[in-house]
Enquirer: 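One structure, pasted below without further comment.
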Amino acid sequence: METPSGKWAGDENFPVASKLIARPLRPHVMAYYAFARAIDDIADHPELSPDDKVARLDAFGRALTDPEADDPALATAHRLRQSLTATGVPAQHGLDLVTAFKQDAVKGRYDGWDDLLGYCRYSASPVGRFLLDLHGEDRALWPYSDALCDLLQVLNHLQDCQTDYLTLDRVYLPEPWLAEQGEAVTALARDHASAGVRRVIDRCLDGVETLLPRAEALPRHLADARLALESAAIVALARALTGRLRRQDPLAVRVELGKPMKLAVAARGALGTLLARRFAPASTPDRPREEPRA
């Protein structure tokens, strides 16, 4: 049932269940990650038909909620179901991921920023919501974590824009934005970004930067100090990667932060929040204002 790609937590852009997360919670984070990794690999498998992908993903969704399900091919879903039962975290955070990857199986083009964020609502936002619920945080913080997770997803799309097109015929850069620049999606197959594609990438980064202020507010509102440090490190990494994508061409090179830079940037982000929390306790979140659309 699973189609493992070999990719694991250490291959991700951002930390997964790092040592900043309390030790008792790390196995639950990894159970959620393993489930997400398994269904993402199904959605991204180049040899499966859309119908086959959707059928497999539906099976994972059923196994996540059915305590009588015992198919060993769905062991990753069973482990997450057991984790959710033990922690009281809703299964919806896993089911939303299934919805996103079923969309990936059948949809390969996006019409604009709202369409792209609509996808992120199911592919990215549930990750932050899961972590907040696991830590017993106030759900009023969901909009802040949504902003962080959604912008991370867009950054990943920009990093992989050529690979996604060539291997999966999937393009997250809004197609009308490309058309406005006189470009078709085939421009993503070139060995460098044209001026038009570069403007579309920058427009996506403009959207990321509208989300960053809300994301940066998350750490100071979190009650759990360790989760606040983890979030601050991730925000710092996201800002650094945004800057690098402004300067480098993701069609010409793999745009990423090297391990030493990741460690340095994450440490600075966590340290800044540690010092801030020493002088000011976590604050009660206000309802965030609607962000302007890119």
Side-chain angles (χ1 to χ4, degrees), residues 3-7 11-14 36-54 56-57 97-124 127 149-209 211 238 241-257 294:
T3 58
S5 64
K7 187 175 181 180
D11 302 314
E12 302 291 347
N13 280 325
F14 303 95
R37 179 77 270 146
I39 59 177
D40 192 12
D41 286 345
I42 290 170
D44 287 354
H45 198 287
E47 297 177 7
L48 296 178
S49 71
D51 287 346
D52 192 0
K53 291 178 181 181
V54 169
R56 292 177 187 230
L57 292 167
L97 296 181
V98 173
T99 296
F101 297 136
K102 286 170 63 176
Q103 180 169 315
D104 274 337
V106 299
K107 179 172 178 171
R109 303 291 185 270
Y110 286 82
D111 292 332
W113 187 248
D114 287 348
D115 196 19
L116 184 55
L117 287 191
Y119 168 75
C120 293
R121 160 62 185 84
Y122 293 96
S123 67
V127 177
C149 294
D150 293 357
L151 72 85
L152 296 179
Q153 180 76 87
V154 175
L155 292 174
N156 181 254
H157 291 331
L158 296 177
Q159 285 178 294
D160 295 340
C161 60
Q162 185 177 76
T163 301
D164 286 341
Y165 171 61
L166 293 177
T167 62
L168 299 167
D169 192 27
R170 194 182 297 156
V171 178
Y172 296 101
L173 299 183
E175 196 168 18
W177 292 7
L178 289 166
E180 288 171 14
Q181 299 298 328
E183 295 285 8
V185 296
T186 51
L188 297 175
R190 299 172 188 158
D191 60 6
H192 66 279
S194 66
V197 170
R198 180 70 253 179
R199 283 191 286 271
V200 172
I201 291 171
D202 285 339
R203 189 173 175 183
C204 289
L205 291 171
D206 291 343
V208 166
E209 290 180 347
L211 297 173
L241 183 56
T242 299
R244 183 153 290 198
L245 281 162
R246 286 282 191 193
R247 298 187 300 271
Q248 294 184 339
D249 179 356
L251 271 62
V253 297
R254 171 67 180 175
V255 180
E256 58 188 347
L257 305 176

Enquirer: Please name the pair of heavy atoms, one in Arg190 and one in Ser194, separated by the smallest distance, quoted to 0.1 Å.
Expert: NH1-CB, 3.3 Å
Enquirer: With rounding to the nearest 0.5 angstrom, report the CD1 to CG distance, Ile42 to Asp52.
Expert: 9.0 Å
Enquirer: Run the ring-ring contact (aromatic ring centres under 6.0 Å, His included) test against Tyr110 and tell me which residues pass, sequence neighbours left out.
Expert: Tyr119, Tyr172
Enquirer: So, using salt bridge (charged side-chain N to carboxylate O under 4.0 Å, His left out) as the criterion, who are the partners of Asp104 when residues are at least two apart?
Expert: Arg170
Enquirer: Could you list the residues that satisfy salt bridge (charged side-chain N to carboxylate O under 4.0 Å, His left out) with Lys53, not counting sequence neighbours?
Expert: none
Enquirer: Rounded to the nearest 0.5 Å, how far does OH of Tyr122 lie from OG1 of Thr99?
Expert: 6.5 Å
Enquirer: With side chains defined as the heavy atoms from C-beta onward, is the minimum distance between Arg254 and Asp160 less than 4.5 Å?
Expert: yes
Enquirer: Taking all atoms of both residues into account, what is the closest heavy-atom pair of Ser123 and Val127, and its distance?
Expert: O-CG2, 4.4 Å
Enquirer: Set out, in order, the CA-CA distance, both residues' side-chain angles and the distance that settles side chain to side chain contact (heavy atoms under 4.5 Å, CB included) for Asp206 and Trp113, then state yes or no.
Expert: CA-CA 11 Å; Asp206 291 343; Trp113 187 248; over 6 Å; no
Enquirer: Does a side-chain heavy-atom distance below 4.5 Å link Glu183 with Leu173?
Expert: no
Enquirer: Kindly indicate whether the side chain of Leu205, heavy atoms from C-beta on, has any atom under 4.5 Å from the side chain of Leu155.
Expert: yes
Enquirer: Atom NE2 in His192, atom CG in Leu251: separation rounded to 0.5 Å?
Expert: 9.0 Å
Enquirer: Test of understanding: with side chain to side chain donor-acceptor pair (under 3.5 Å), list the residues that count as partners of Asp164, not counting sequence neighbours.
Expert: none
Enquirer: Nearest heavy-atom pair of Trp177 and Gly112: which atoms, and what distance?
Expert: NE1-CA, 4.3 Å
Enquirer: Quick one: side chain to side chain contact (heavy atoms under 4.5 Å, CB included) partners of Thr163, sequence neighbours excluded?
Expert: Thr167
Enquirer: For Asp249, which residues count as a salt bridge (charged side-chain N to carboxylate O under 4.0 Å, His left out) partner, sequence neighbours excluded?
Expert: none
Enquirer: Restricting to side chain to side chain donor-acceptor pair (under 3.5 Å), what partner residues turn up for Asp111, sequence neighbours left out?
Expert: none
Enquirer: The criterion is side chain to side chain contact (heavy atoms under 4.5 Å, CB included); which residues satisfy it with Arg109, sequence neighbours excluded?
Expert: Tyr165, Asp169, Val171, Glu175, Val185
Enquirer: Could you report the tightest heavy-atom contact between Val255 and Gln159, atom names first, then the distance?
Expert: O-NE2, 2.8 Å
Enquirer: Would you say Glu180 and Arg203 make side-chain contact, with heavy atoms under 4.5 Å?
Expert: yes
Enquirer: Mind checking whether Leu241 and Leu245 have side chains closer than 4.5 Å, heavy atoms only?
Expert: yes
Enquirer: Can you pull the salt bridge (Lys or Arg N to Asp or Glu O under 4.0 Å) pairs that have at least one residue in residues 191-200, sequence neighbours excluded?
Expert: Arg198-Asp202
Enquirer: With sequence neighbours left out, what residues match Arg121 under salt bridge (charged side-chain N to carboxylate O under 4.0 Å, His left out)?
Expert: Asp96
Enquirer: Over all heavy atoms of both residues, which pair between Leu158 and Pro250 is shortest? Give the atoms and the distance, please.
Expert: O-CB, 3.4 Å
Enquirer: What distance separates Asp44 CG from Ile39 CD1, expressed to the nearest 0.5 Å?
Expert: 11.0 Å
Enquirer: Which residues pass the side chain to side chain donor-acceptor pair (under 3.5 Å) test with Glu209, not counting sequence neighbours?
Expert: Arg246
Enquirer: Could you check Leu116 against His157 for side chain to side chain contact (heavy atoms under 4.5 Å, CB included), going step by step and ending with a plain yes or no?
Expert: CA-CA 10 Å; Leu116 184 55; His157 291 331; 3.9 Å; yes
Enquirer: Which residues satisfy the side chain to side chain contact (heavy atoms under 4.5 Å, CB included) test with Ala124, sequence neighbours excluded?
Expert: Cys120, Cys149, Asp150, Gln153
